[in-house]
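Counting convention: from 1, in listed order, for ligands and their atoms alike. Predicted model only: the values in this text are computed from it and were never measured.
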Amino acid sequence: MVVGAGHAGLAASRFLTERSIDHVVLERGEVANSWRRERWDSLRLLTPNWLSRLPGQHYDGPDPDGYMAMGEVVEFIERFAHAVRAPVRTGTDVTSVRPAAGGYHVRTSRGELHCRSVVLAGGACNLATVPAFAAAVPSSVAQLTPLTYRGPAQLPDGGALVVGASATGVQLAAELRRSGRPVILAVGEHVRLPRVYRGRDVLWWMHESGVWDQRHDEVDDLDRARRLPSPQLVGTPGRETLDLNALTALGVELVGRWAAVRETSALFSGGLRNVCALADLKMNRLLAAFDEWARESGREAEAGPPERFPPTVPPASTRLRLDLAGGEIGSIVWATGFRPDYRWLDVPVLDAKGRLRHDGGVVDAPGMYALGLPMMRRRRSSFINGIEDDARAVIGHLVAGLR
Ligand SMILES: Cc1cc2nc3c(=O)[nH]c(=O)nc-3n(C[C@H](O)[C@H](O)[C@H](O)COP(=O)(O)OP(=O)(O)OC[C@H]3O[C@@H](n4cnc5c(N)ncnc54)[C@H](O)[C@@H]3O)c2cc1C
């Protein structure tokens, strides 16, 4: 039994069918439900179209260097579900999975079933991670997450405080600022990247140089690699870079990491300059590694000359406190990360922090597997283009186990 009909669950189904394994894909909504219901209206993929690949299906439209809007992503995944004839039962919410003789007992909103193996493909971004101090924010301020935010018109009047400067936070800060509101962005640790490097999409470099293929058993600190923030990237027709300098130019006010709430005030860290310097350093190291790869692999001619980008220029001084009850801010958007929802999983496979215990997708329980988690087997595991190798390997394990 496969939980979830996103691209990961469907890819699992494709390989199960190839190996003649009887199975069903249970989906609480529709195929590609997360892309239909849990993303904001203006979102486009940050991966270019030529990188949108599923087993046996590549992007074949007129704009390989473009970035899909949500409707196109849904269509792409639906097309895949049809092509692989995935046995999806939509409108079927899995409410409990627990061990039973010879496998697992599964309860759903539409009845019960027994299976020998379970593939967890319910997604890595079902819940928004919000710090505990959000509970202390005055009730006059509206609070949203990327799962509830659709567009600027939804927010009450007044300024917006966006928390988190990874892909989601920088995109929402820019969109809110362009809608005419004052926007403050609280910036913690982040990953700065140019959209285009030496004339090539920066993800071309990640893909071709092998950075994205680094395996889970090759990295020094796997726990940290799995929690790395998403890069500051946006997919726009003009392939613009959306880093902190770009946001400052738009008129977004940058402050440090939001550390606490005291009485009615948000308290921000004074360390913005340091996190910016660290992000610049890491970006330059990565670009130097790309240069070295191009030189050593004889691929120089495929890109323009090496470039370096101006350092991030944080404000000369940042405010350390903001009165949330003073009327300056009408809403807060928490772009502080996502996590999977395992509340329905009655199997002891979570660690003390609620994370799934698995080794490259082989979960720490007989016959249980996972797909689609960050850095699950490789750096590209949580992206659409990373599913083929992961699903093939994980289903290979599953089949070997059954036999
Ligand atoms: C904001 C955002 C932007 C992203 N941008 C990109 C990008 O540009 N490029 C890229 O390659 N990747 C991107 N990703 C990452 C990744 O591709 C998506 O998260 C993708 O949706 C993951 O696919 P999945 O199949 O693992 O999970 P999902 O697409 O989330 O599919 C899981 C499915 O399981 C269902 N489900 C969950 N729980 C249950 C249950 N208990 N019972 C039944 N059904 C259940 C859900 O309804 C859903 O349909 C982005 C992610 C986010 C959050």
Side-chain angles (χ1 to χ4, degrees), residues 1-13 24-54 59 66-70 72-74 76-78 80-81 86 88-97 106-110 118-129 145-147 149 164 166-172 201 203 206-207 212 230-231 233-236 335 337-346 361 370-374 376 379-388 390-391 394:
M1 186 266 297
V2 179
V3 186
H7 75 262
L10 296 168
S13 172
V24 65
V25 181
L26 302 182
E27 166 56 54
R28 63 180 164 201
E30 299 166 74
V31 165
N33 207 54
S34 309
W35 299 106
R36 293 174 199 267
R37 312 248 177 268
E38 294 170 4
R39 310 279 191 258
W40 57 99
D41 295 344
S42 66
L43 179 65
R44 283 179 177 272
L45 290 189
L46 52 78
T47 40
N49 290 338
W50 59 266
L51 251 180
S52 289
R53 298 171 179 179
L54 290 169
Y59 174 84
Y67 308 89
M68 287 186 201
M70 289 305 95
E72 296 168 288
V73 181
V74 170
F76 188 74
I77 295 175
E78 266 186 334
F80 180 64
V88 182
R89 279 190 214 160
T90 55
T92 307
D93 195 356
V94 175
T95 53
S96 138
V97 171
V106 180
R107 272 214 184 97
T108 82
S109 54
R110 294 205 169 171
V118 174
V119 179
L120 306 172
C125 305
N126 317 100
L127 301 172
T129 305
T145 71
L147 300 177
Y149 173 88
S166 296
T168 301
V170 296
Q171 290 183 28
L172 299 189
D201 194 292
L203 298 183
M206 301 290 261
H207 175 72
W212 256 3
S230 58
L233 286 176
V234 62
T236 59
F338 301 94
R339 63 199 155 92
D341 184 0
Y342 295 125
R343 284 174 295 189
W344 45 270
L345 193 54
D346 299 322
L371 282 172
L373 302 178
M376 197 189 84
R379 287 206 187 270
R380 68 172 86 223
S381 282
S382 54
F383 291 93
I384 291 170
N385 72 81
I387 201 64
E388 176 160 3
D390 281 15
V394 162

Can you check whether [X] reaches [Y] side chain to side chain, under 4.5 Å on heavy atoms?
X	Y	value
Arg380	Met206	no
Leu203	Leu46	yes
Ser382	Met376	no

Heavy atoms only: give me the nearest Trp344-Thr95 pair and the separation to one decimal.
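Looking at all heavy atoms of both residues, the shortest contact is CB-O, 3.3 Å.
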Please give the N or O to N or O pairs under 3.5 Å between ligand 1 and the protein, distances rounded to 0.1 Å.
unit_1, atom_1, unit_2, atom_2, d
ligand 1, 8 (O), Leu46, N, 2.6
ligand 1, 8 (O), Thr47, N, 3.4
ligand 1, 8 (O), Thr47, OG1, 3.4
ligand 1, 9 (N), Thr47, OG1, 2.7
ligand 1, 11 (O), Ile384, N, 2.7
ligand 1, 17 (O), Ser382, O, 3.4
ligand 1, 19 (O), Arg39, NH2, 3.4
ligand 1, 21 (O), Trp35, NE1, 3.4
ligand 1, 21 (O), Arg39, NH2, 3.0
ligand 1, 23 (O), His7, ND1, 3.3
ligand 1, 25 (O), His7, N, 3.2
ligand 1, 25 (O), Ala8, N, 2.9
ligand 1, 30 (O), Ser34, OG, 2.5
ligand 1, 41 (N), Val94, O, 3.1
ligand 1, 41 (N), Trp344, NE1, 3.4
ligand 1, 42 (N), Asp93, OD1, 3.4
ligand 1, 42 (N), Val94, N, 2.9
ligand 1, 44 (N), Arg28, N, 3.0
ligand 1, 47 (O), Glu27, OE2, 2.7
ligand 1, 47 (O), Arg28, NE, 3.3
ligand 1, 49 (O), Glu27, OE1, 2.6
ligand 1, 49 (O), Glu27, OE2, 3.2

Quick check on side chain to side chain contact (heavy atoms under 4.5 Å, CB included): which of Ile384, Val234, Leu51 does Leu45 satisfy it with?
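The side chain to side chain contact (heavy atoms under 4.5 Å, CB included) with Leu45 is passed solely by Ile384 among Ile384, Val234, Leu51.
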Non-neighbouring partners of Arg110 that pass salt bridge (Lys or Arg N to Asp or Glu O under 4.0 Å), sequence neighbours left out
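None.
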